[in-house]
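Here's the structure we're looking at; comments come further down.
So you know, we letter chains A, B, ... as the sequences are listed, proteins then strands, and number each from 1.
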Protein chains: 2
Amino acid sequence: MNMHKKSCLVQRLSHYTDLDETSLDSIARFEREEKDVSKNEEIYQEGDHNIHLYVVKRGWLYSYADLKDGRRQIVEIHHPGDIIGFPDIAFTERTTVLKAAEDARLCPFPKKDLDEVFKASPQLAALLFALAVRNQVIMIDFLRAIGRMSARERIAYFLLDMQARLRVTNKVTPGIFRLPLNQTEISDVLGLTNVYVSRSFTALERDGLISRSNGTVEILEEERMKQICDFSDRHTKLDTTWFPGAYATAG
Amino acid sequence: MNMHKKSCLVQRLSHYTDLDETSLDSIARFEREEKDVSKNEEIYQEGDHNIHLYVVKRGWLYSYADLKDGRRQIVEIHHPGDIIGFPDIAFTERTTVLKAAEDARLCPFPKKDLDEVFKASPQLAALLFALAVRNQVIMIDFLRAIGRMSARERIAYFLLDMQARLRVTNKVTPGIFRLPLNQTEISDVLGLTNVYVSRSFTALERDGLISRSNGTVEILEEERMKQICDFSDRHTKLDTTWFPGAYATAG
DNA sequence: CGGGTCGTTGACCGTGATCAAGTAACGTGG
DNA sequence: CCACGTTACTTGATCACGGTCAACGACCCG
């Protein structure tokens, strides 16, 4: 009852720059419609015609890519406040499958709405651009993890990354967070198997770096964890000095 | 003597949409300055202050990320016509190292130039945005390869990807191209070792899928290669129908 | 109580890493 | 012109990380 005066998208975007009126109007348009999806539902498939983007209001979702023989790779995890679908706007068809990791609520909006943003709201355009390219850096980090880290290091990396993401919107209890993904899903994120995810989790727990209970994880030794996987947080800071208009925090 | 009436950046960007005058002016500003770099030179380091982007005029380069213990992951390979540095514009510091794989020529331009683009040239802004998010899809494919493919499949994927990239600008002899990277570098792209890259290359050659001589590779059996790694080309087509203005090829 | 999902643990195996030696191509200086 | 160093690629032997297969227990829900 007390929330919703500020949507989580506005909240997220305001974190990076002061939004002008035009920007706020555009964002409001993004969130006109709402759609509930239930756990394990697949919202779209690879190859589907691609006309909408989605704002996540509630729940975790993820995007994955399949190989023919059943192997799959989860390539992005979507949290409340995320916009889903940017990677695909350059194409007419979906390149991944979007699946709900738990019950969730989405706001679909047509990608054609973006042309208005580019014409009328350079500030928001620049911000979305910045977020899109920031995502690329996040994927670069991720690639480094998958390509060059051991199983143990990957798990550490994964947990720290989830934590850093969640910290942007929720200022909840530090170090502890809900993880609504099963180990098979985590293995598909990290390029491992569910069995080895289990073993690595157990090992990290045995060494006192983390602890688990139910669907939540607590990071006990953040510094040691960061050392393990050479982690750097890409989520909290954003350089907005090059943004057009008077809204840049040019300091 | 005969080229340079159209820069390779204009050539590349024109491939996707008809550029208006404002866009062409902006692009011209990107290419005012030139700088030659020699093989193995590192143009910037991780952590360097980050004020420029670069247009590649000539030669191959790559961006890599290090782990403390010397392991490294090459995260992007840059060809003539590419713009280098978009991922970093959301940050004040470099997140990767840029290194020249061979002698090359770059056009540095300040990222502050982008604000003009967002204010005055919505078309170019949209195109750059589209290319940035397209890059994300390319990285998703890549992630799938690193995370879930065998060494043999990864090599196949890598060669097809290089070929698809080069085809956008150069319409040269199909199936054959120069590959100015050594096997250690390729191993750092694919998350393997130089030894196993050598073995996999030899195996592909033995099976008649490719052939090599000097620094060039020929893809003999493109279809079988594509099957091996479930390849799809992300480089030739781009959806521009949502672009602002009358320039969209809305067909 | 019975079926389903999920995590854990054990035994075994294979892909690809590691270590090391050898070869070929190339440029340099004697 | 040949000795020499360097770099790149290849090939062999061995090893280990993580995959595979399978069984089992915990929990949940009908």
(Q) Please determine whether a side-chain nitrogen or oxygen atom of A:R212 lies at a distance below 4.0 Å from atom OP1 or OP2 of C:dT8. (A) yes
Q. Where the side chain of B:Y196 is concerned, which of C:dT15, C:dT18, D:dG19 is the nearest nucleotide?
A. C:dT15
**Q.** side chain to side chain donor-acceptor pair (under 3.5 Å) partner of B:E102, chosen from B:R178, B:R58, B:K39
**A.** B:R178
Q: Would you indicate which nucleotide in C:dT18, C:dG10, C:dA17 comes nearest to any side-chain atom of B:L192?
A: C:dA17
Q: Could you tell me the separation between the CE atom of A:M149 and the P atom of D:dG18, rounded to a whole number of Å?
A: 13 Å
Q) Looking across every strand, which nucleic acid part, if any, lies under 4.0 Å from A:R71 by heavy atom: base, sugar-phosphate, or nothing? A) nothing
Q.
Any N or O donor-acceptor pair under 3.5 Å from the base of D:dG18 to the side chain of A:R152?
A. no
Q: Tell me what A:G191 touches on the nucleic acid: a base, only sugar-phosphate, or nothing, going by heavy atoms under 4.0 Å.
A: sugar-phosphate
Q) Between B:R199 and B:L181, which is nearer to the 5' end of DNA chain D once each is assigned its nearest nucleotide? A) B:L181
Q.
Nearest whole Å is fine: how far is C:dC26 P from B:N182 CG?
A. 16 Å
Q: Ignoring backbone atoms, establish whether A:S150 has a side-chain N or O less than 4.0 Å from OP1 or OP2 of D:dC17.
A: no
Q: Quickly work out the B:N214 CG to C:dA24 P distance and round it to whole Å.
A: 16 Å
Q.
Under 4.0 Å, counting only non-hydrogen atoms across every strand here, what does A:V197 touch: a base, just sugar-phosphate, or nothing?
A. nothing
Q | side-chain contact (heavy atoms from CB on, under 4.5 Å) partner of A:R212, the single match among A:L204, A:L179, A:T202 | A | A:T202
Q: Give a yes or no on whether B:N214 atom CG has more than 12 heavy-atom contacts from other residues, nucleotides or ligands under 6.0 Å away.
A: no
Q) How many Å lie between CG on B:L190 and C1' on C:dG16, as a whole number? A) 13 Å
Q.
Whole angstroms only, please: what is the CD-P distance between B:E153 and C:dG16?
A. 8 Å
Q | Closest to the B:A151 side chain, choosing from C:dG7, D:dT20, C:dG16 | A | C:dG16
Q) Which comes earlier along DNA chain C counting from the 5' end, the contact point of A:R148 or that of A:Q183, where each point is its nearest nucleotide? A) A:Q183
(Q) From CD1 of B:I146 over to P of C:dT15, roughly how many Å is that when rounded to an integer? (A) 19 Å
Q) Are B:T95 and B:D88 close enough that a side-chain donor and a side-chain acceptor fall under 3.5 Å? A) yes
Q. Does any non-hydrogen side-chain atom of B:Y64 lie less than 4.5 Å from one of B:T96?
A. no
Q: Compare side-chain N and O positions of A:S198 against OP1 and OP2 of C:dG7 and report whether any pair is under 4.0 Å apart.
A: no
